[in-house]
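Please read through the structure below; I'll follow up with questions.
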Amino acid sequence: MAVAAAPSARRMSHTQFIELLRRGGASSSPRHGEVLHGWALKSGAASHAPVANSLITFYSSLLPRPLLAAAFAVFDEIPPLSRDAASWNSLLNPLSRHRPLHALSHFRSMLSSSTVLPSPHTFAAAFTAAARAASTTAGTAAHALACKIPSAVSNVYVSTSLLNMYCKLGIVSDARRVFDEMPQRNAFSWSTMVAGYAAEKCSEEAFDLFRLMLGECPYEKSEFIATAVLSAVSVPLGLLMGVQMHGLVLKDGMLDFVSVENSLLTMYVKAGCMGAALHVFESSRERNSITWSAMITGYAQNGEADSAVHMFLHMHTAGFAPTEFTLVGVLNSCSDLGALAVGKQAHGLMVKLGFEVQMYVKSALVDMYAKCGCIGDAKEGFDQLYEVDIVLWTAMVAGHVQNGEHEEALTLYARMDKEGIIPSNLTIASVLRACAGIAALEPGKQLHTQILKYGLGLGAPVGSALSTMYSKCGNLEDGMSVFRRMPNRDVIAWNSIISGFSQNGCGNGALDLFEQMKMEGIVPDHITFINILCACSHMGLVDRGWDYFRSMTKDYGLTPRLDHYACMVDILSRAGMLKEAKDFIESITIDHGTCLWRIVLGACRSLRDFNVGAYAGERLMELGTGDSSAYILLSNIYASQRKWNDVERVRHLMRLRGVNKDPGCSWVELNSQVHVFVVGEQQHPESENINAELRRLAKHVKDEGYHPTPKFSFNEELDALAESHEEDQLELISAAYS
DNA sequence: ATAGGGTTAG
């Protein structure tokens, strides 16, 4: 190393020293500085401010990690009276980036040192520190001080830093005031202000400011401002502005920047336009891991989980290593799809790449195992953790809820509570869903008091979950009163209350609420239409059902999903329009599996329509359904027509496919004791008394004039099994005991 | 002589 040659070093001037120190830049080895540092100490040059300041800068700009401790040591070695403003500033600047709180105390020491005055550089760094430390107090104090020094606030560097500070503190109105009062602006100032709007999701302000810039100083546009505007308009309703931005960046050749392309792609993802996103993706000249992540999480978040998984595999083939974002995206999709195999593959990659330690990646993993039904694996991952954070607790609780293990979710929550873990709003929402799932009003009310205790308020998702809990417990009035008190009612909140009305037999109320929702400017989504169509089904409103079904696509651009088709089939079937239901199903182009035919078959049973019934049943046989009741219903239809060959064929098919009927089961909780009843079993110690009481009730019902519809079955045993699927339990009881 | 603003997109 030429630097270390002592004789020449001894004769070195300070200027030469600084030049040598700067030579390698940030990529120098620490050793390079240490040698020069040693010389500076020996020769006494280290007490000269310019030399020491350069050393501080050297140490603190080393990559990949600055040596802040060494920089501090150099600062401490300068005799206090020899320290100039640059000595303080050269340390303050890196601290503001890497140790913002430390930077703030360094700034205070500088102010009280009384040997130097703060310079514009000082304020630029102090504002950055306050921004990074998220300290509004320190930031506004520094701003007040800077106002006393005219040269500071008029400086474009300083005022841009101040602007950035207010943006990062989330006080965008003050940021705009700083921006408007700036004597001079450059590309940084414009993009910082727009990024501030973007962070607050002020799409229109960001877009307008960008257009203002294009008019005033088009030469200042940069890829940074383009990405900032695109990020600002990346909201569900930002598509119109987003498309205009697409035109602008295309015209300006900005798409050569992969960052701009990625932002554009993300804009389409957030607008739910995966087709357009895919188009951008496919026509991109350059891709990086962010491009892939954006597509994968985009598919995951837009409910196209299989495309997400496909994209993930495609990424792998293209030779890109997964990132934590792609893994989380693919894990979330595996959760939705129940795709355990791919999920395990992602788990393997996670371990290999060392992402497993990141809390939110691990949460996604636990969540995936929980939702794929491997609650044991989920629990294992969960229990292995040294310190479980609230996100993971919530993932586990939500996993139980998702798996239908509502009691387990409540138990886990009780454990959390006992261990003194403070729940988040998401935890509470999940536990409320568990309560709603089992109509557990008491625990639900206790959660309501906890919401008050922790001051969680009725925002998303707590308010909606609470309202749903009350409605599902049959307490529609409380559901409605929670809904009324929610500060911001989003589409989910409206969906909750609409489904509450619909499920509690208030179909008209549900439809009124739907109109009210639209008047308040809330855009209905897929779920809204499921609720509305269900309400129509309950009320037998065929024409209105069709109107809503069409409106969904025509007015809101929503593609009907299986659930919507199922609701329509249900509406037609309940109204006795079985032929229409059949034709409707056969006009559907999406894969609808077995559920639509099963609805028709069920309806044919109560409407005694054997032709459509047999037709639907045969479709189910072709599809190889594993639903035992379908075999029983079809065989009963043939039996009632005395088509014994067909009866035998269906029953043979059922045996051949190993389809078994899970016996119907119900349970009642009484004084904290759960009593279980299984069809065909007399296990309960009080069976005899219970049966006697049922016989008495059935007789009473009969005496009151209720006569159950005669069944068309020939096989009572099979029919009783099919019956246990149906809602009308009373019919079974009276048939069995009359 | 030495010290300065924004690291965007998942």
Side-chain angles (χ1 to χ4, degrees), chain A residues 13-19 21-22 45 48-58 60-61 71 74-75 78 83-97 110 116 118-128 131 152 155-165 167-168 178 182 184-196 198-199 222-232 234 254 257-267 269-270 277 280 284 287-301 315 322-329:
Chain A
S13 72
H14 291 172
T15 317
Q16 285 170 321
F17 176 88
I18 291 163
E19 184 52 36
L21 202 50
R22 283 162 63 98
H48 290 270
V51 168
N53 301 349
S54 305
L55 268 171
I56 292 172
T57 304
F58 174 87
S60 47
S61 44
V74 176
F75 180 83
I78 314 172
R83 289 171 192 162
D84 60 9
S87 310
W88 289 90
N89 294 342
S90 55
L91 190 53
L92 183 62
N93 188 42
L95 284 179
S96 69
R97 261 157 252 285
M110 180 182 182
V116 291
S119 73
H121 295 86
T122 315
F123 287 108
F127 297 149
T128 304
N155 182 310
V156 66
Y157 289 92
V158 178
S159 51
T160 305
S161 180
L162 181 62
L163 171 64
N164 177 55
M165 181 190 83
C167 289
K168 291 286 152 67
V178 170
M182 281 171 84
Q184 205 191 336
R185 294 182 195 119
N186 60 22
F188 287 131
S189 330
W190 286 95
S191 62
T192 304
M193 188 65 238
V194 172
S222 63
E223 77 269 31
F224 294 112
I225 196 163
T227 50
V229 180
L230 280 167
S231 155
S234 291
M254 285 283 185
F257 291 99
V258 67
S259 59
V260 175
E261 199 152 56
N262 289 343
S263 315
L264 183 66
L265 200 155
T266 303
M267 183 278 294
V269 163
K270 293 281 164 66
V280 173
S284 59
R287 289 170 195 161
N288 61 18
S289 67
I290 296 178
T291 323
W292 289 95
S293 305
M295 283 305 289
I296 291 167
T297 53
Y299 278 128
Q301 286 164 8
M315 175 185 185
T323 68
E324 61 270 45
F325 288 96
T326 54
L327 286 167
V328 169

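Every chain is numbered from 1, with letters handed out A, B, ... down the list of sequences.
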* For B:dA3, take OP1 and OP2 only and decide whether either is under 4.0 Å from a side-chain N or O of A:Asn93. => no
* To do: Tell me what A:Thr266 touches on the nucleic acid: a base, only sugar-phosphate, or nothing, going by heavy atoms under 4.0 Å.
  => sugar-phosphate
* Separation of A:Trp88 atom CH2 from B:dA3 atom P, in whole Å? -> 18 Å
* So, A:Thr160 side chain and A:Val156 main chain: donor-acceptor pair closer than 3.5 Å or not? -> yes
* Structure fact -> From CZ of A:Phe188 across to C1' of B:dT8 the rounded distance in Å is 12 Å
* Asked: Rounding to a whole Å, what distance do you find between A:Tyr299:OH and B:dG10:P?
  -> 17 Å
* Asked: A:Asn288 and A:Thr291: side-chain donor and acceptor closer than 3.5 Å?
  -> yes
* **For A:Ala195, side-chain contact (heavy atoms from CB on, under 4.5 Å) partners two or more places apart** => A:Ala228
* Starting at NZ of A:Lys270 and ending at C1' of B:dG10, how long is that distance when rounded to a whole Å? -> 8 Å
* For A:Ser159, report the nucleic acid contact type (base, sugar-phosphate, nothing); a contact means any heavy atom under 4.0 Å. => nothing
* To do: Considering just the side-chain nitrogens and oxygens of A:Arg22, establish if one lies under 4.0 Å of OP1 or OP2 belonging to B:dT2.
  => yes
* Structure fact -> From CD of A:Glu261 across to P of B:dT8 the rounded distance in Å is 17 Å
* To do: Take atom CD of A:Glu324 and atom C1' of B:dA9, then tell me their distance rounded to the nearest Å.
  => 14 Å
* Any side-chain donor-acceptor pair under 3.5 Å between A:Asp84 and A:Ser87? -> yes
* Asked: What integer distance in Å separates A:Met254:CE from B:dA9:P?
  -> 15 Å
* Asked: According to a strict under-4.0 Å criterion, is A:Thr297 in side-chain N/O contact with OP1 or OP2 of B:dG10?
  -> no
* **DNA chain B-proximal residues of residues 287-294 of chain A, any heavy atom under 4.0 Å** => A:Asn288, A:Ile290, A:Ser293, A:Ala294
* Asked: Counting any heavy atom closer than 4.0 Å, what does A:Val156 reach on the DNA or RNA strands: base, sugar-phosphate only, or nothing?
  -> base
* Between OG of A:Ser263 and CD of A:Glu223, what distance do you get to the nearest 0.5 Å? -> 10.0 Å
* Structure fact -> Whole-Å distance, A:His14 NE2 to B:dA1 P, equals 14 Å
